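On a predicted model such as this, the values are computed, not experimentally measured, just so you know. Every chain is numbered from 1 and lettered A, B, ... according to where its sequence line falls, protein lines coming before strand lines.
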Amino acid sequence: MKFVSAFVLLISFSLSFAFAAEKNTPQTNLYKAHDAYDNGDYQTALEYYNKGYYSFENGKIHYNLGNFNFRNGKLGQAIFHYRKAVKLIPRDADARFNLGHAKKKTIDKIEEVSGKFEMISLNSFLNLKESAYLVGFLSVFFWLFSILLLYRRNEWIKWTQRVFMYFFIIVSIVVAKDYLTDKKNGVVVDQEIKVYSAIGRNNVVLFTIHEGTEFVITNSIEDKWIQLLLTDGKKGWARTSGVIF
Amino acid sequence: MNRLRIFYGVVFLFVCNLSLANVNLELKAERTTITMQDELWITVSIRGIRNLSSYPEIAGTDKFEVQNGGTTSNMSILNGSITMTKGFRYLLIPKAIGIFQIGPAKVEVNGQVYSSNLLTIKIVKQKNVDTGNKLYFIKGEVDNKTPFVNQQIVYTFKFYTRAEISNAKWEAPSFEGLWKEEIGKQKEYRQVLDGVPWNVTEIKMALLPNSAGKIVIGSAMLVANVLTNKKRRRRGNSLFDSFFDMGRELKRVRLRTEEIELDVKSLPVSTKPADFSGLVGKFSINGSLSKNRPAVGDSTTLTLRIRGKGNIRDAKLKNMEFPGFKVYQDKPIAKIGQNGTDIVGEKIFKLALVPQNVGIHKIGPIELSYFNPESEKYEMAQTEIFSMEVIAGENTEKLSHVQGTIAVSGDLKKKVMMLGEDLMPIKRDVFDLENETISNDEKLIIFLSLILMPFVFVGFYFKRNRSKRLGQDSGLAKREKAFNNFLKRHRKIKPASDKIFVEISTSLRQYLDDKLGMDVMGLTPLDVPRKLLPKGISEQSVKKVQEILKNCEMGIYSGQEYGKSNRLKLKESTILLVKKLEKEIRR
């Protein structure tokens with residue numbers, strides 16, 4: 001009797017798994033997207049990923065979306081996703097390589113003017129979440145060792161507390177700087193967009209930029225117009241319809 | 001097992017017999033110039049022989065007294081071949097001054113006579129060397145202070161000692177303006193100076209001056225530990241001193257040689273040939289062709305070997321023309337060695353000659369002009385004339401490089417070129433993903449870790465300080481804990497107990513004792529106002545204390561029956577009173 005009931009239980013479990021596999025779960029969407037990508041059907045791959053599977057930001061998802069868009073001929077979208085991927089998974093060499101590869105295909109050549117303190121950053125090693133955790137970790141350990149020092153005047157504890165203190169101060173400053181100077185980026189997705197001197201098409205066209213060109217958004221009006229800033233310092237207003245941010 | 005032993009034995013004998021086929025004799029001397037007071041050790045090394053029935057015979061030893069110095073045996077295995085080497089040592093004591101040739105040493109093996117090389121030994125008169133009462137000294141000298149440019153001279157450093165030395169460290173002098181090469185290994189021998197035997201350590205170097213003019217060889221330095229006898233004590237050396245080495249001391253000494261100035265002569269200019277090779281010494285040149293009947297377009301290698309003693313590394317061929325040939329020159333190979341104190345060697349040049357026409361071609365003689373410092377003249381060495389018959393062949397040139405072992409010059413490796421560039425593949429491990437942006441919960445945790453931790457620290461700081469204060473002031477500790485202790489005692493009081501009045505009275509008195517720091521255990525209700533009012537307690541509370549204590553005394557001493565409700569009421573009124581007192585005393 002026991003054997004029969006165990007057998008029935010096993011069968012019912014197997015069936016439930018089988019039915020679960022048949023459903024259009026996020027995992028099956030990913031499988032299908034990857035299969036479509038492998039078969040060269042990049043549009044289908046993109047559709048499976050765009051089905052709203054992810055409700056959160058993830059570097060690998062953005063990286064794959066970059067690849068799907070790039071293969072699909074959407075350079076601007078690809079660069080946008082690669083940029084996000086690099087921000088979220090900064091230690092991933094593939095993401096950096098693909099971003100560089102995609103940027104080589106862009107038309108506009110814009111000189112980058114780097115600021116004085118841009119080199120002092122943790123962005124190349126840690127994403128914002130990891131940086132915040134690092135600051136929290138250093139804070140907790142610094143204060144714990146400070147408390148320990150109240151009760152035990154020990155050289156080892158004293159030096160450990162000091163090391164944590166210095167790291168905590170330095171890392172906190174760098175992370176705060178990274179956080180405060182983190183600007184909202186956008187990418188041109190149309191073949192060409194016009195950048196005006198002010199809001200409205202009757203204003204002077206200052207310059208045009210092409211698909212894949214990245215910029216920083218400094219202002220926006222009613223989600224229809226954005227004020228953009230190029231890395232070489234050029235600034236102007238453009239319609240949001242031709243860009244992604 | 002026995003068969004295996006026999007097999008290995010046969011193999012061993014076979015190998016040894018193979019070695020016998022290459023018997024080689026070498027005659028070596030520890031030095032080539034000695035004085036009449038010196039002794040000279042020579043060795044006859046016989047390689048490729050295992051057993052020898054008789055001692056080797058050495059010719060030219062009649063000017064020496066010869067003493068047998070024993071034999072040595074050595075077996076070496078190199079690249080699977082076993083080589084036996086037997087050495088015969090002889091001590092030669094010179095009988096006359098002069099230059100003598102020793103050798104060859106001869107040995108007969110299986111009916112065949114093998115001969116060694118010759119040695120030239122110079123016996124010179126003892127120079128007057130003022131050694132004084134020295135126990136050690138060093139000397140640096142050159143064999144020629146006026147050489148020509150690029151003429152080889154020999155620098156000799158000698159360390160003479162009669163004492164025991166250890167940790168000797170030699171520092172070579174600076175040879176600026178000279179090209180140097182060490183000659184052989186460091187030698188150690190005994191030399192007699194003024195009838196006194198010395199232990200000598202000798203280092204030799206071959207030097208070639210780079211330019212004409214004055215060149216100074218700096219001081220060589222030697223640092224060593226020398227074991228010397230201590231100065232004699234008045235009462236003479238004790239037997240125990242020498243037994244335990246107590247009569248000797250270890251001294252660190254630092255010795256320097258004098259600088260040597262060379263006057264380097266430039267080579268004669270007026271007689272200098274136009275095709276002078278730059279070689280200074282004594283040289284010869286010979287050559288050979290790999291093919292004497294090549295076809296047109298086929299390649300043949302002309303190998304030219306320059307041999308001799310001197311600056312062989314600098315040897316170069318003059319510009320030569322080979323009409324009817326295409327010429328490809330390979331990188332030359334230099335092999336440098338030593339013969340006694342001379343730098344000798346050969347430099348091999350290989351030229352690939354590709355004949356262009358059918359017929360008989362004559363090549364050479366190829367000449368080499370060098371300067372001989374002994375004759376102080378430019379001399380000429382030359383090869384024979386090479387004859388080559390070029391026959392008809394295919395039109396295409398088959399070979400454009402030299403035959404044989406050729407040193408490949410230049411870096412032939414090719415840089416790997418990128419032919420294309422593409423995207424890196426997609427990430428497939430995306431099934432167990434996490435949010436990589438910071439969520440609100442995480443923000444809160446991190447915020448709390450930043451904000452709360454300082455407060456936690458401050459809390460611990462005050463707690464630590466309070467504990468410290470309480471530890472130092474027992475009265476304060478009692479005051480601080482008075483209420484809590486009262487509560488603990490008061491909770492234990494049971495209304496039904498016979499001792500309730502004693503317990504309430506005691507706990508109240510104990511509280512007042514702890515809180516006010518005064519002895520109130522013997523306090524009567526009448527004393528209460530006098531004692532408590534100065535402590536800032538209100539009259540109302542003082543009256544209440546009085547009342548509770550009176551009630552307790554009534555309960556203890558009068559035997560009056562109290563109902564349970566009254567007992568409870570007394571207990572509760574006590575606790576209310578103490579709470580009130582707590583507030584009043586704190587103010």
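Neither the backbone nor the side chain of A/L138 comes within less than 4.5 Å of any heavy atom in chain B. Contacts of A/N67 with chain B are made by both backbone and side-chain atoms, with heavy-atom separations under 4.5 Å. For chain A, the nearby parts of B/L423 are the backbone and the side chain; heavy atoms of each come within less than 4.5 Å. Within the 4.5 angstrom heavy-atom criterion, only side-chain atoms of A/Y82, from C-beta onward, approach chain B.
For the options A/A33, A/A93, A/A95, A/A132, heavy-atom pairs under 4.5 Å to chain B are most numerous at A/A132. Heavy-atom pairs under 4.5 Å with chain B peak, among A/R71, A/E130, A/K104, A/K87, at A/R71. Ranked by heavy-atom pairs under 4.5 Å with chain B, the list A/Y151, A/F168, A/F70 is led by A/Y151.
At distances below 3.5 Å, not a single donor-acceptor pair connects side-chain atoms of B/E436 with backbone N or O atoms of A/N58. Counting only distance, with no hydrogens or angles, the side chain of B/S449 and the backbone of A/V140 share no donor-acceptor pair below 3.5 Å.
A/W143 places none of its side-chain heavy atoms less than 4.5 Å from the side chain of B/L450. Looking at A/I147 and B/V456, their side chains come closer than 4.5 Å, going by heavy atoms from C-beta outward. A/D38 is listed as a side-chain neighbour of B/R428, based on a closest heavy-atom distance under 4.5 Å. Between A/L150 and B/F457, some side-chain heavy-atom pair lies under the 4.5 Å cut-off.
Annotation for A/Q43: atom CD counts as buried by contact number, over 12 foreign heavy atoms lying within 6.0 Å. Environment of CD in A/E192: crowded, with over 12 heavy atoms of neighbouring residues, nucleotides or ligands closer than 6.0 Å. Heavy-atom contacts from other residues, nucleotides or ligands closer than 6.0 Å to CZ of B/R466 number 12 or fewer.
A distance of 5.5 Å separates CD1 in B/I445 from OH in A/Y133, rounded to the nearest 0.5 Å. Within the model, atoms CZ of B/F460 and CG of A/L144 stand 9.0 Å from one another, a figure rounded to the nearest 0.5 Å. Taking CG from A/L88 and OG1 from B/T437, the interatomic distance works out to 7.0 Å, rounded to the nearest 0.5 Å. Rounding to the nearest 0.5 Å gives a distance of 8.0 Å between CZ of A/F97 and CG of B/D422. Atoms CE and CG, from B/M424 and A/L99 in turn, are 13.0 Å apart once rounded to the nearest 0.5 Å. In this structure, the separation between CD1 on B/I426 and CG on A/D94 is 12.0 Å, given to the nearest 0.5 Å.
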